Visitor: 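Pasting a structure below so you can have a look.
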Amino acid sequence: MSTQYPEDRLQKLADLRAAGVDPYPAAPPTARELASEVLESFDAREGEVVTICGRVLGRRGYGKLAFLDLDDISGRIQAVMEKALVEEGSFALLKQLNLGDFIEVTGTLKKTQKGQASVYGTRMRILCKALLDPPAKWHGMSDVELRARMRYVDLFANEGIRPHFLKRSAVLSSIRNTLAQHNYNEVETPVLHPIYGGANARPFHTHHNTLDMGLYLRIAPELYLKRLLVGGLERVFELARVFRNEGISNRHNPEFTMLEFYEAYADFSIMADRTEQIVVEAARAAGCEQEDGSLQANFREENFNLATPFQRIRYADAFLEHVGIEATDREALVERLKTEGIEVTGEGDYFWWKAVNNLFERFAEPQLRGPVFVTHYPAAICPLAKPSAEDPTWAERFEFFLGGMELANAFSELNDPEQQLENFERQVQDSDEEAPNAVDYDYVRALAYGMPPAGGCGIGIDRLVMILLGSDSIRDVLLFPLMRPDED
RNA sequence: GGGGGCAUAACUCAGUUGGUAGAGUAGCUGGCUUUUAACCAGUAGGUCCAAGGUUCAAGUCCUUGUGCCCUCACCA
């Protein structure tokens, strides 16, 4: 990107400075009011003098009269600059004004002849001179690549984008509120991990110079959060940015936000209750509430009713329904795996169930529109979950599906250090390159000091926001999705 | 990584059969005291993504590369 600016802009800058006007004044404006607040109370306040600050996004100029549209976080208000009314020098500033500039207007609240509530300026001050033109006012900036690369332009040039992203903020606040209701504490754990774990994913590598130490960007905060349970922090959560060195798609970004929360003396079914509440409150915060009080999300031309309680079905039942075979019918499964071309890549339960789960993902998951909790996953593929007491074939685990996507994953946390060590060692032997690279012995030692029985849950926040806001692509809910560098 | 598509002015887009590059908006100059996509007149603005190739002639056809989008695979 060159730093060539249009000559006329540079000329205006020079003219302003020659006239003793600072195009980038330092002093913050005082007693500034928001556009929408002024407009809401306009009738009662007509005749009052107010000060408005904002970006000029519209201008309709006449010889001795100009209408300016000022845009701020709250909305838009029209300023009218009438030569007869403004103080010496302010009107001349209009000559140097461009769309995109930030200005401060002080003036009287008054309606125009057409009845539009406006600020009739008596004084105008340039707060920031823009050197580049905003996009065409009518079409805005619609190229998806440009919008993502230059989100700073997208946000002011396209209507509805700021409210859209503010809804994501509202969802995050709502999540914090919901967890606070249950006495959770927000914590921060390391992003730089010497050993990566807590999920199956390829990590990003990095390096610390002074310690001459290889590090990974975390793929999940899970193992650190559970160390906190060992330490006696009974209810903790982290809104964690995590990093996975994998493909990019309309539902994958290399860095994304995962909520993980852990609760001592709880189990996976309590985590399902929490998840349900978090999703419902988030939907309310995102504006999914309808006139009849119901919560509806429209995602990819499909409607999802978020009425509680959400459906809960067992993995084995869903498996039978959609795959057509009992998940424990080994003979029939061997046949089916063969016809589907799914290989069992090793000896033992883990590899067997991995292959079986492949069938589940292929045939059952696409049918799970949600909201639905699928419970009791095969224990062999749940290295961090506690096996069910009634039948250790199944783990106390659920995955939550909504909009055809897996949104959450939770279990009763495994707190048997010897079992955990065994699971870790088996994972490391797995030839799968996404499996953890080394046994986290420190985590096993932590468990050996005793971790209370607990439930834990992870929710993919970006995907939740996609569904609640009806965004087809994860890039539409990320302010700055990862892009290849574009030399221009 | 496989398959398909797109790339032209700051922005949004036209560009015919291969024949000298176009519009609207924004910008600039001038006019205008009630507009709200203001209007009127004038003016300026281009590495047609990049590099090759075919051709008398390429924005247009071919090859390769780059970026983005869609889709499949992997994942959350």
Side-chain angles (χ1 to χ4, degrees), chain A residues 1-2 4-9 11-12 56-70 76-86 91 95 97-100 110-118 120 130-150 153-154 157-158 198-202 219-220 240 242-260 358 361-362 365 399-402 405-409 432-434 458-464 466 472-475 481-488:
Chain A
M1 181 80 159
S2 68
Q4 292 289 311
Y5 302 117
E7 294 215 351
D8 61 276
R9 295 304 175 94
Q11 187 58 52
K12 284 181 176 181
V56 181
L57 284 185
R59 180 170 61 159
R60 295 166 295 283
Y62 290 76
K64 300 184 178 66
L65 172 73
F67 299 93
L68 304 175
D69 295 329
L70 292 194
R76 243 174 232 208
I77 190 166
Q78 175 172 276
V80 183
M81 304 301 289
E82 217 178 311
K83 190 169 188 183
L85 297 180
V86 301
F91 198 80
K95 193 80 179 164
L97 199 65
N98 285 102
L99 296 186
K110 198 174 118 187
K111 285 187 177 162
T112 62
Q113 288 175 14
K114 288 272 170 66
Q116 176 163 355
S118 306
Y120 275 71
L131 294 182
L132 294 171
D133 289 327
K137 58 190 166 190
W138 187 242
H139 296 99
M141 181 185 268
S142 59
D143 183 278
V144 291
E145 179 179 351
L146 271 185
R147 289 180 51 198
R149 286 188 189 281
M150 299 202 286
V153 175
D154 183 35
N158 291 325
N200 279 333
R202 289 208 295 267
I219 59 172
V242 299
F243 307 85
R244 299 190 181 177
N245 208 339
E246 288 166 353
I248 296 176
S249 78
N250 62 8
R251 67 207 87 163
H252 298 87
N253 195 64
E255 54 178 303
F256 63 100
T257 303
M258 174 122 87
L259 166 69
E260 286 201 6
N358 217 310
E361 288 176 354
R362 197 176 295 185
E365 282 193 8
E399 289 196 0
F400 174 64
F401 294 87
L402 179 55
M405 295 193 290
E406 181 197 329
L407 270 198
N409 182 16
D432 191 338
E433 61 179 322
E434 290 180 0
I459 300 181
I461 297 305
D462 310 277
R463 289 183 174 181
L464 175 62
M466 280 171 69
D472 286 353
S473 170
I474 194 170
R475 283 177 296 273
L482 185 69
M483 308 283 268
R484 282 196 162 91
D486 179 38
E487 303 295 332
D488 60 359

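Lettering follows sequence order; numbering is per chain, from 1. None of these values were measured; they are calculated from a predicted model.
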Visitor: State whether A:S142 places a side-chain N or O below 4.0 Å from either non-bridging phosphate oxygen (OP1 or OP2) of B:C13.
Guide: yes

Visitor: Determine the interatomic distance between C1' on B:C32 and the same-named atom on B:A23; round to the nearest Å.
Guide: 26 Å

Visitor: Can you figure out which of B:A38, B:U12, B:G67 approaches the side chain of A:R60 most closely?
Guide: B:A38

Visitor: Looking at every strand, decide which applies to A:M483 at a 4.0 Å heavy-atom threshold: base, sugar-phosphate, or nothing.
Guide: sugar-phosphate

Visitor: Hey, is the main chain of A:T257 close enough, under 3.5 Å, to the side chain of A:D462 for a donor-acceptor pair?
Guide: yes

Visitor: Can you tell me, in whole Å, how much space there is between the P of B:G30 and that of B:U60?
Guide: 41 Å

Visitor: With the side chain of A:K95 defined as its heavy atoms from C-beta on, choose the nearest nucleotide among B:U34, B:G27, B:G30.
Guide: B:G30

Visitor: Both A:E145 and A:N409 contact RNA chain B. Taking the nearest nucleotide for each, which residue is further toward the 5' end?
Guide: A:E145

Visitor: Side chain of A:R149: nearest nucleotide among B:U36, B:C68, B:G27?
Guide: B:C68

Visitor: Compare side-chain N and O positions of A:R147 against OP1 and OP2 of B:U12 and report whether any pair is under 4.0 Å apart.
Guide: no

Visitor: Write down the distance between CD (A:Q116) and P (B:U34), rounded to a whole number of angstrom.
Guide: 15 Å

Visitor: Give a yes or no on whether the backbone of A:M141 and the side-chain of A:N158 come within a donor-acceptor separation of less than 3.5 Å.
Guide: yes

Visitor: Return the value, rounded to whole Å, for the distance between atom OH of A:Y120 and atom P of B:U33.
Guide: 14 Å

Visitor: With heavy atoms under 4.0 Å as the rule, sort A:R244 into base, sugar-phosphate or nothing.
Guide: base

Visitor: Any side-chain N or O of A:N200 under 4.0 Å from OP1/OP2 of B:C74?
Guide: no

Visitor: Output the rounded distance in Å from CG (A:D8) to C1' (B:C28).
Guide: 6 Å

Visitor: Please determine, for the side chain of A:R484, which listed nucleotide (B:G24, B:G67, B:U34) has the closest atom?
Guide: B:G67

Visitor: Using a heavy-atom cut-off of under 4.0 Å over every strand shown, decide if A:K111 touches base, sugar-phosphate, or nothing.
Guide: nothing

Visitor: To the nearest Å, how far apart are A:K83 NZ and B:G31 C1'?
Guide: 14 Å

Visitor: Report yes if a side-chain nitrogen or oxygen of A:N158 is closer than 4.0 Å to either non-bridging phosphate oxygen (OP1 or OP2) of B:C11; otherwise report no.
Guide: no

Visitor: Please tell me which of the listed nucleotides, B:G27, B:C70, B:C11, lies nearest to the side chain of A:N250?
Guide: B:C70

Visitor: Can you measure A:L131 atom CG to B:G27 atom P for me and round it to whole angstrom units?
Guide: 14 Å

Visitor: What's the CG-C1' distance between A:D143 and B:G67, to the nearest Å?
Guide: 11 Å

Visitor: Can you tell me how far P in B:A26 sits from the matching atom in B:G65, rounded to whole Å?
Guide: 42 Å

Visitor: Which distance, rounded to the nearest 0.5 Å, do you find between the CD of A:Q116 and the NZ of A:K111?
Guide: 10.5 Å

Visitor: Could you check A:G140 against A:M258 and say which one's nearest nucleotide on RNA chain B is further toward the 5' end?
Guide: A:G140

Visitor: In whole angstrom, give me the gap between the P atoms of B:C69 and B:U33.
Guide: 49 Å

Visitor: Within the 4.0 Å heavy-atom criterion, would you say A:G63 contacts the bases, only the backbone, or no part of the nucleic acid?
Guide: base

Visitor: A:L146 has a side chain; which of B:C11, B:G27, B:U34 sits nearest to it?
Guide: B:C11

Visitor: Take atom C1' in B:G24 and the same atom in B:U8, then report the distance between them in whole Å.
Guide: 15 Å

Visitor: Please answer whether the main-chain N or O of A:N98 pairs with a side-chain N or O of A:R59 as donor and acceptor at a distance below 3.5 Å.
Guide: no

Visitor: Given B:C28, B:U34, B:C68, which nucleotide is nearest the side-chain atoms of A:E82?
Guide: B:U34

Visitor: Indicate the atoms forming the closest heavy-atom contact of A:M466 with A:S473, along with that distance.
Guide: CE-C, 3.9 Å

Visitor: Tell me whether the OP1 or OP2 atom of B:A26 has a side-chain N or O from A:K137 closer than 4.0 Å.
Guide: yes

Visitor: Would you say A:R475's side chain and A:L482's backbone share a donor-acceptor pair under 3.5 angstrom?
Guide: no

Visitor: How is A:R59 classified with respect to the nucleic acid when contacts are heavy atoms under 4.0 Å: base, sugar-phosphate, or nothing?
Guide: sugar-phosphate

Visitor: Between B:G5 and B:A21, how far apart are the P atoms? Round to whole Å, please.
Guide: 28 Å

Visitor: Take atom P in B:G53 and the same atom in B:G59, then report the distance between them in whole Å.
Guide: 15 Å

Visitor: Return the minimal non-hydrogen interatomic distance between A:A220 and A:A199, and the atom names on each side.
Guide: CB-CB, 4.1 Å

Visitor: Considering only the C1' atoms, how many Å lie between B:C28 and B:A9, rounded to the nearest integer?
Guide: 15 Å

Visitor: Using a cut-off of 4.0 Å on non-hydrogen atoms, how would the nucleic acid contact of A:D462 be classed: base, sugar-phosphate, or nothing?
Guide: nothing

Visitor: So if I take every side-chain heavy atom of A:Y62 and compare against B:C68, B:U34, B:G27, which nucleotide ends up nearest?
Guide: B:U34

Visitor: Just checking A:N245: base, sugar-phosphate only, or nothing, at a heavy-atom cut-off of under 4.0 Å?
Guide: nothing

Visitor: Rounded to the Å, how far apart are A:E361 CD and B:C74 P?
Guide: 8 Å

Visitor: Donor-acceptor pair, A:S118 side chain versus A:Y120 backbone, under 3.5 Å?
Guide: no

Visitor: If we call it a pair only when both distances are under 3.5 Å in a Watson-Crick or G-U wobble match, what pairs with B:G67?
Guide: B:C6

Visitor: What is the nucleic acid contact for A:E406, judged by heavy atoms within less than 4.0 Å: base, sugar-phosphate only, or nothing?
Guide: sugar-phosphate

Visitor: Is a side-chain N or O of A:R202 found less than 3.5 angstrom from the main chain of A:E246, in a donor-acceptor match?
Guide: no

Visitor: For B:A73, give the paired nucleotide (Watson-Crick: N1-N3 plus N6-O4 or O6-N4; G-U: N1-O2 and O6-N3; both under 3.5 Å), or none.
Guide: none

Visitor: From B:G27, B:U12, B:C28, pick the nucleotide closest to the side chain of A:K12?
Guide: B:C28

Visitor: Is B:G19 paired to anything, Watson-Crick or G-U wobble with both distances less than 3.5 Å, and if yes, which nucleotide?
Guide: B:C56

Visitor: Counting heavy atoms from C-beta on, name the nucleotide in B:U33, B:C28, B:C13 closest to the side chain of A:K64.
Guide: B:U33

Visitor: What integer distance in Å separates A:D133:CG from B:A44:P?
Guide: 18 Å

